[in-house]
Structures are given as C-alpha cells and as structure tokens.
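Structure first, then comments.
A note on names: the letters A, B, ... follow the listed sequences, proteins ahead of strands, and every chain is numbered from 1. Everything quoted here is computed from the prediction, not taken from an experiment.
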Amino acid sequence: MDIPENEKRSLNFIESIIEENLRENKNEGRIHLRFPPEPNGYLHIGHAKSICLNFGLAESYNGLCNLRFDDTNPEKEDVEYVDSIMEDIKWLGFEWNDKPYYASDYFEQLYEWAVEFIKQGKAYVDDQPQELIREQRGVPTSPGVESPGRKRSVEENLKLFAAMKNGEYPDGSMVLRAKVDMASPNMHMRDPIMYRILHQKHHRTGDKWNIYPMYDWAHGQSDFIEGITHSVCTLEFEVHRPLYNWFLDQIATTSYRPRQIEFARLNLSYTVMSKRKLLELVKDKHVKGWDDPRMPTISGLRRRGYTPESLRSFADRIGVAKRDNVIDVGLLEFSVREHLNKIAPRVFGVLNPVKVVITNYPEDKVEVMDLINNPEDEAAGSRSVPFTREIYIEREDFMEDAPKKFFRMGPGREVRLKGAYIVKCEDFKKDADGNISEIYCTYDPETKSGSDTSGKKVKGTLHWVSATNSFDAEIRLYDRLFSDEDPAGHKEVDFKEFLNPESLKVLSNCKLEPSLKEAKVGDKFQFQRLGYFCVDKDSTE
RNA sequence: UGUCCGAUGGUGUAAUGGUAGCACUGCAGAUUUUGGUUCUGCCGGUCAAGGUUCGAACCCUUGUCGGACAACCA
C-alpha cells in the first residue's frame, strides 16, 4: 500500500496490536484471522462490519482469513444459512482462505482432547440436574460450591463420558465439565461445561454424535487447530477470554497461541440487530423474508440497492473501537447515495403522474432528446428520450396557488422540462373531486436544451415522461422499518410496537421512460429529482 | 457488596506527554438545465476532582456514569 506519509490513516487498536505482534515476531510473524459465523440466521450489517474487519485486516497485513462455521448447536443451525452466509461474503467482495472450515470437522479432535483432560483430572462428568448445577455455580458476587462429580475417579469419568458419547443417556442427564475454579469471580471459570448430551441430527455430521461441545470448548480450540493468530470477536466475549486462554494452555505444546481481541459490535439507530428479533420479524410476517429490502441483513440491503462498495466504505467510516456505539442509520444511507451518485445512470420516472398537454406542439411529432446519463461520469454517455405533445409530470410539481419559494409549475409560470424545452403553464382542468386532471402549457421552440437561443432563465427544472412513449410500472417506496430510534431499548414496550406502518408504499401507476424497458434485475438508477431505485427480483415484464 | 471493560462536539472516530483533527448530521452561502452533486464557511467536544510534569484527552489516584458476566446458546 502506497499511502503518502501525510495521508497515512491512523491505526485502530487492533491494527496497533497486530503491528506490535509483527515487531516482536509473535507466532513467526504470521497473521491469520477468521470470521466465525454460526449458521443459524442470515448475516446482517453488524456481521458486515466484522467481515470487513477480519478479511480487511488479512488483506492489509498480507495474512489469511478463514471462514469458519461455528456449528456446534445443531438445534438451531441449518445449511440454508451456510449457503446464504457464503453468498453474502462473496458478494461483499472477500475471499476466504482455502475452503470453508467447520467447527464440526474438529469434533473428533475435541473429543480426544476431552478424554485427555479426564485422564489428567482436568475434567469430570456431572450427572446432577441442570437446575442444581446452575444453583451451585452461584452468583458473580459470591463463590459457587463444588460439584460431587469433581471427586469421581478417572476410570469412572472415562466410562461415563464414553457412554454419553455412545448415546446411552438421555438429553440433559449429564455434562462434561472442566475442573477450573468454582470460587472464581469470573463465572465462566466455575467449572465450565465442555459437552452436553444432545440426540440431534447435525447438518454435517448427521447422527454421528450424541454429545456436542459448548462454545468455549470449541472456539479457541478451533482457532488453535487452524493456526489463527488473532481471534477477533465482540465485547460480550471479553469475560470468556480467561477461559479461552486457560483451555489453550492445557492443550498447547509450543509457544504458538491465538489471541482473542474484542471490539464493540455495531448498533444502528432505527433498527434492530439481534438475530432473534430479525427472525421474529420474518416469522411473524412483518417483512417479506430475510432479504426484505427493509431488513438490515446483507441480503436485504443488497436487494434494497446497496452496493458492496457502499457497505465497505461504511465499515471504514464507522471505525473500530471498544466503546459501545450507536451509528446513525443516516450514515449508512449516506454511504449508498455517495456510491450510487457516482455510478447510477440518471433516468426519468414519474411516480404520481398528472398529464400535461403542450398545446402548440404538433400532435404526432416525436422528438428524440439526447440526455446525459450521468453528470458525474462522462463515460456513461447519453441516451434517447422521446418528447411528445402529451407528457406526464409529477403531481407534486404543480401548484394552483404556488408560494414564492415554489420553483415548479403553476398558472402563468415558466419552468424547464429537463433536457427539452421551457414551457409556460397557460391553463389547467380539475375533475369532479377538485383534483388537477390536466395541465395546458405552451412551449418555446427557441429554448431547446443544448441549443437555447432565448436567453431565458427559469428557476425550476422538472423531470417528465412522454405520455405516449412510456410504460407503466409498479414502484415500491421504502422507508425505515422502525419509527423509533432505539426500538429494542424500551423495557416495557415490545420492539414491534415501533414498526413504521409507512415503511413500504406500493405505487402502481408510475410512468417510466422507454429506456428502462431494458433494465435487468439488480440494475440501479437515479430517478432524477426523486432518488435511487433498483429493479427488484420479482419484477415482471 | 464481585470481576472485567469503557467514557473526546448531536453521532461516530483520531490525536499514544507537545496547536484537540476528520467524517456524518445541522445551519449559512456559492455554483448548477436534478430544490441532486460539488465547493466554501459556521455551530459544536476531552465525565469530575485531585496528583505527576515546563507541558496531560493521553500517565497515577479517587469518584461518577455506562456496558458485559449468573444457557446443558453463540
């Protein structure tokens, strides 16, 4: 990376740690990260932050980044999620090292290590009821009490553990616990559970296992097996770190150690981020699926028209630190607009049309106007837009009694039709309900766009679409899903109470310029003076 | 009454003992055939009190506030 010294970006705290480790040649100077999603839901913008962080760190330090599915809880996990996760990471533009890894691939090794633990007296089977174990663990402010299982002989433990594995006991009847310290002020050190009995089919290992490792026993060991050097996770795992290190110290035989580093997860205003709540929105049909354009999922944002670039620049902008944060959702929205402004072709679309008749324009004439596609990008070229006697403009662009600051059309006012002529409103007609039904204008032939010889200056420029050379389309207007800044932050009120009833508006009678006929699913456009739109996957001819 | 973590404008994030900067937002203006974009300017901040030091956002102490931890979830 060739960054001039004076423009050198300052390091975030994780980069500082990495550079320090590089200087001291820790782990032979290797940099190896991993992104470890549990395949129990779709990835959201918070995961995008983590993906950009982990894969980005690997990129900038010439290291590697594994994709590892943390699939140790078959009750919640599914291949559907595995597939969507891989798709989202690829779409974001990152490549994982080698192949997708799975914690479930290490079940055998984990089991062997556990047996070793038992032999060394570092683990024991506890057959007490779950409630009792929980009770004995105590509370953070006072020590727990030791389980009678602690005194079980190695032989007995070995026998019991093998029987657990062989499916001889029912779910929940026994666990394997590490013998650490029941008096530790850190709850995670109070003889943590390493294995539970679960007669549950796993999406990869099938019926092979009747016991499954817990997070703490699986995660650090997986890092270790894969040679991970920096294991980046979110703040809530901070208290797990002593246990993470303790387990590693028991199994490591060299100085190599992965190091767990915690950062603050992303919070976004006006949205919910927990997988549980997102799942609830999907299940209760408040949205049309995980990829509903209002969802903060990566697939939802993609469908909404976000680009990978915009998400990556967003991730850059929000930074990485350890303090809790709430990012203004406006910053995310800014990031797409910023990118789309540069790449999206400008087109004309009239969402809420009202007809305008240009009375002095020949009835059958069709003039082909040449319009610039993108003022931000000369290479984008231009396109043809037909201009005719009858056109549509936006209903909101006409006002019968217009105030001074209203620069658009009104009786007696002149405005420019962008890329065409300056027209003057001469008259209008209303229907029985008092709505404007038709507007009558005259145009000035001297004012043709690009060859204007009139010298006229007008305040307003409107977009328009030919009434005879356009087509109808359904347009969906999306707004924020929640009307409250922190929908999940109210103890007494369910977050769903804050659902924005106006988050989706479907407009059916919109008029689009002919060039849009060619548009394909995923294509993004700026409807001039309106905003950005993209072709949805369920679009029809 | 425990342990751990954190605290810089409205929101994020830099400054790592030496001029508190950047981005978003907001406000004002300029340009503009998008009330867009772009450009310029402005508003606005070191949680508190002590200490160390020539000098502290930064180091120390105490306090305050916020968060995490008591699933056979991750």
Side-chain angles (χ1 to χ4, degrees), chain A residues 9-13 16 36-38 40-41 70-73 75-77 103 126 129-131 133-135 137-144 171-177 184-190 192-198 211-212 214-216 218-219 233-242 262 264 266 269 275-276 314 316-335 337-338 341-342 346 348 371-372 374-376 405-408 415-422 447 449-450 452 457-463 526-532:
Chain A
R9 197 169 64 81
S10 53
L11 303 179
N12 65 46
F13 81 101
S16 303
E38 182 187 12
N40 67 344
D70 217 343
D71 54 351
T72 57
N73 184 7
E75 284 184 312
K76 292 184 180 166
E77 296 152 8
D126 196 337
Q130 192 174 148
E131 302 71 43
I133 291 179
R134 192 181 306 146
E135 221 172 276
R137 191 154 35 220
V139 292
T141 48
S142 61
D171 285 2
S173 57
M174 299 181 183
V175 291
L176 183 75
R177 292 228 255 169
S184 171
N186 183 335
M187 297 296 287
H188 298 277
M189 300 299 273
R190 323 251 258 225
I193 293 170
M194 297 169 71
Y195 278 97
R196 74 250 200 214
I197 299 175
L198 205 57
I211 54 172
Y212 289 95
M214 301 292 292
Y215 167 85
D216 287 301
H219 202 95
C233 62
T234 45
L235 248 30
E236 66 268 29
F237 292 100
E238 208 152 23
V239 277
H240 292 245
R241 191 175 353 117
E262 313 84 11
L266 167 67
S269 63
K275 281 191 198 172
R276 205 206 86 230
F314 172 72
D316 269 352
R317 239 184 286 261
I318 60 176
V320 180
K322 291 193 74 164
R323 64 188 96 104
D324 292 324
N325 62 85
V326 181
I327 306 286
D328 190 335
V329 71
L331 185 62
L332 177 64
E333 295 163 346
F334 167 81
S335 299
R337 274 186 275 113
E338 179 188 49
N341 176 50
K342 292 202 172 61
R346 272 59 173 171
F348 286 164
L371 294 219
I372 284 288
N374 189 346
E376 307 289 318
K405 287 290 227 175
F406 187 79
F407 301 139
R408 294 166 260 176
V415 295
R416 173 170 291 281
L417 297 173
K418 187 168 174 74
Y421 298 97
I422 291 180
T447 60
S449 191
D452 189 328
K457 287 276 178 223
V458 290
K459 267 288 202 187
T461 302
L462 307 187
H463 62 281
Q526 185 196 88
F527 284 14
Q528 289 212 111
R529 303 208 307 130
L530 297 175
Y532 296 98

A:Phe348/A:Leu371 under side chain to side chain contact (heavy atoms under 4.5 Å, CB included): CA gap, chis, key distance, verdict
CA-CA 10 Å; A:Phe348 286 164; A:Leu371 294 219; 3.5 Å; yes

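Looking at heavy-atom distances under 4.0 Å, A:Phe406 makes contact with a base. If you check every strand for non-hydrogen atoms under 4.0 Å, A:Glu38 touches sugar and phosphate atoms only. In this structure, A:Ile318 reaches the sugar-phosphate backbone alone: every heavy-atom distance under 4.0 Å involves primed, P, OP1 or OP2 atoms, never a base. A:Glu238 comes within contact range of the sugar-phosphate backbone alone, with a heavy-atom separation under 4.0 Å but no base atom that close. Across all strands shown, A:Arg416 has heavy atoms under 4.0 Å from base atoms, whether or not it also approaches the sugar-phosphate. At a threshold of 4.0 angstrom between heavy atoms, the contacts of A:Glu262 with the nucleic acid are absent. Among the heavy atoms of the strands, none lies under 4.0 Å from A:Asn186. At the heavy-atom level, A:Thr72 lies under 4.0 Å from the strands shown only through sugar-phosphate atoms. A:Tyr212 comes within contact range of no nucleotide atom at all, as no heavy-atom separation falls under 4.0 Å. Using a 4.0 Å heavy-atom cutoff across all strands shown, A:Lys275 reaches no nucleic acid atom at all. At the heavy-atom level, A:Pro242 lies nowhere under 4.0 Å from the strands shown. Nucleic acid contact class of A:Val326 (heavy atoms, under 4.0 Å, all strands): sugar-phosphate only. When heavy atoms are screened at a 4.0 angstrom cut-off, A:Arg408 is found touching base atoms of the nucleic acid. Nucleic acid contact for A:His240: base, since at least one base atom lies under 4.0 Å from a heavy atom of the residue.
A search for salt bridge (charged side-chain N to carboxylate O under 4.0 Å, His left out) contacts involving A:Lys322 returns A:Glu238, A:Glu262, not counting sequence neighbours. By the ring pair (Phe, Tyr, Trp, His ring centres under 6.0 Å) test, A:Tyr421 is found to be paired with A:Phe387, A:Tyr443, residues two or more places apart in sequence or in another chain being considered. Qualifying ring pair (Phe, Tyr, Trp, His ring centres under 6.0 Å) partners for A:His240, counting only residues two or more places apart in sequence or in other chains: A:His188, A:Tyr215, A:Phe237. Under the salt bridge (charged side-chain N to carboxylate O under 4.0 Å, His left out) criterion, A:Arg177 pairs with A:Asp126, sequence neighbours left out. Residues passing the side chain to side chain donor-acceptor pair (under 3.5 Å) test with A:Asn341 are A:Arg346, sequence neighbours excluded. For the salt bridge (charged side-chain N to carboxylate O under 4.0 Å, His left out) test, no residue two or more places apart in sequence or in another chain qualifies with A:Glu75. In this structure A:Arg416 satisfies the salt bridge (charged side-chain N to carboxylate O under 4.0 Å, His left out) test together with A:Asp452, sequence neighbours excluded.
When the P atom is compared between B:G35 and B:G41, the two are found 26 Å apart, to the nearest whole Å. Separation of the P atoms belonging to B:G45 and B:U8 is 14 Å when rounded to the nearest angstrom. Taking the C1' atoms as reference points, B:G9 lies 15 Å from B:C27, given to the whole Å. Comparing the same atom, C1', in B:U40 and in B:U46 gives a spacing of 28 Å after rounding to whole Å. One P atom belongs to B:A28, the other to B:U33, and the distance between them is 23 Å to the nearest Å. B:A30 and B:C54 have their C1' atoms separated by 47 Å, with the value rounded to a whole Å. Rounded to whole Å, the separation between the P atoms of B:G2 and B:U62 comes to 14 Å. Comparing B:C69 with B:U11, their C1' atoms are spaced 28 Å from each other, to the whole Å.
For A:Glu77 (side chain) and A:Asn73 (main-chain N/O), a donor-acceptor pair under 3.5 Å exists by modelled atom type. With hydrogens and angles ignored, the 3.5 Å screen pairs a side-chain donor or acceptor of A:Asn374 with a backbone N or O of A:Lys342. The backbone N or O of A:Met189 lies less than 3.5 Å from no partner atom in the side chain of A:Ser184, so there is not a single donor-acceptor pair.
Heavy-atom contacts of chain A under 4.0 Å fall on RNA chain B between two terminal nucleotides, which in 5' to 3' order are B:G2 to B:A74.
Between A:Leu11 and A:Gly419, the residue anchored closer to the 5' end of RNA chain B is A:Leu11, taking for each the nucleotide with the nearest heavy atom. Between A:Arg241 and A:Gly450, it is A:Arg241 whose nearest contact on RNA chain B lies nearer the 5' terminus.
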RNA chain B in dot-bracket, Watson-Crick or G-U pairs under 3.5 Å, [ ] crossing, | other strand?
.((((((..((((....[..)))).(((((.......)))))....(((((..]....))))))))))).....

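Glycosidic torsion of B:A71 falls within 90° of 0, placing the base in syn.
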